[in-house]
Amino acid sequence: MTGRNLWISGVTMAVFIVMVTSYPHGAPDSACATLIPDSHGPSSSTGPSPYILRLSSSTYSPNQVITITLGGASHKGYLVVGRRADGTDPNPVGLFQNPSSESRLACATSPTGNGITQTNNTVKATSSFEWRAPSASVGAIRFDFTVIRGGAPNTKPDASDYYANERSSPLTPVGFHGHKK
């Protein structure tokens, strides 16, 4: 093998390794708008998603802190963003806060904390987050999320093994009766 071919083989292998282990430290801010992990390629996941977000409350008051738990199956990565449930505004609402050592605030193109993502690609059974409601009611809120199974519960990486654009049940403002308060 010539030196040039050896160099090309080395570069090709490095690119392949980066693609397989894409974003082990969490989603880039560019993923916050679509929740599509573009670096992972098309999803190879089949069937209904096993993932669910459990909310500590089904209602919220201004500035209330809600605990959100991602579960249902083992996972390696995630990106979660709160949005208006009626879809009238794609911008995130509320703020994630106090991330654990397993998570970090994301979506810095908006106010920091509008999203949350993982800090590593270890296998996790559940992931929990604190989210603070907006200072005024914005109507019903849902949490849009993408989960990277990534081969979990196995340790073998599989960057194309993910479920994108999943949704939580709605979180409604206290006293909500089907219209904006």
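The chain is numbered in sequence order, starting from 1.
- A side-chain donor-acceptor contact under 3.5 Å links S128 and T69.
- Within the model, atoms CZ of R84 and CG of D89 stand 5.0 Å from one another, a figure rounded to the nearest 0.5 Å.
- Grouping the Ile, Leu, Val, Met, Phe, Trp and Tyr side chains by contacts below 4.5 angstrom, directly or via other members, places W131 with V80.
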Requested in this report: Using the side-chain contact (heavy atoms from CB on, under 4.5 Å) rule, take C107 and F96 through it: C-alpha gap first, then chi angles, then the decisive distance, then the call.
Outcome: CA-CA 10 Å; C107 305; F96 287 91; over 6 Å; no
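- S127 pairs by the side chain to side chain donor-acceptor pair (under 3.5 Å) definition with H75, not counting sequence neighbours.
- Here the side chain of T146 pairs a donor or acceptor atom with the backbone of N165 at under 3.5 angstrom.
- For Y60, there are no ring pair (Phe, Tyr, Trp, His ring centres under 6.0 Å) partners, not counting sequence neighbours.
- A pairwise comparison of heavy atoms in L79 and A106 identifies CD1-CB, 4.2 Å as the closest pair.
- The backbone N or O of S101 lies less than 3.5 Å from a partner atom in the side chain of T119, making a donor-acceptor pair.
- None of T126, N120, N121 except one satisfies the side chain to side chain donor-acceptor pair (under 3.5 Å) rule with K124; the exception is N120.
- In plain terms, the two heavy atoms of Y78 and S103 that are nearest each other are OH-CB, 3.1 Å.
- Across all their heavy atoms, S137 and P62 have their closest contact at N-CG, 4.4 Å.
- The side chain to side chain donor-acceptor pair (under 3.5 Å) test applied to N98 returns E130, not counting sequence neighbours.
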Query raised in the report: When you look at V65 and Q97, which way does the side-chain contact (heavy atoms from CB on, under 4.5 Å) test go after all the steps?
Result: CA-CA 9 Å; V65 175; Q97 62 183 29; 3.4 Å; yes
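- Cluster annotation: F129 and I52 are assigned to distinct hydrophobic clusters (Ile/Leu/Val/Met/Phe/Trp/Tyr, side-chain heavy-atom contacts under 4.5 Å, transitive).
- Counting all heavy atoms, side chain and backbone alike, V81 lies closest to G115 at CG2-CA, 4.2 Å.
- The distance from atom CG of D144 to atom CD of E166, rounded to the nearest 0.5 Å, is 10.0 Å.
- Under the 4.5 Å side-chain heavy-atom criterion for ILVMFWY residues, no single connected hydrophobic cluster contains both I116 and Y162.
- What you find for P134 and G94 is that their closest heavy atoms are CG-N, 3.9 Å.
- Distance check: S49 OG to R149 CZ gives 8.0 Å after rounding to the nearest 0.5 Å.
- Under a hydrophobic clustering in which Ile, Leu, Val, Met, Phe, Trp and Tyr are joined whenever their side-chain heavy atoms come within less than 4.5 Å, directly or via other members, I141 and L70 fall into the same cluster.
- No single ILVMFWY cluster, assembled from side-chain heavy atoms under 4.5 Å apart, contains both L105 and I148.
- Contact between K76 and V123 at its shortest, heavy atoms only, is CE-CG2, 3.8 Å.
- Atom CG of residue L171 and atom CZ of residue R142 lie 12.5 Å apart, to the nearest 0.5 angstrom.
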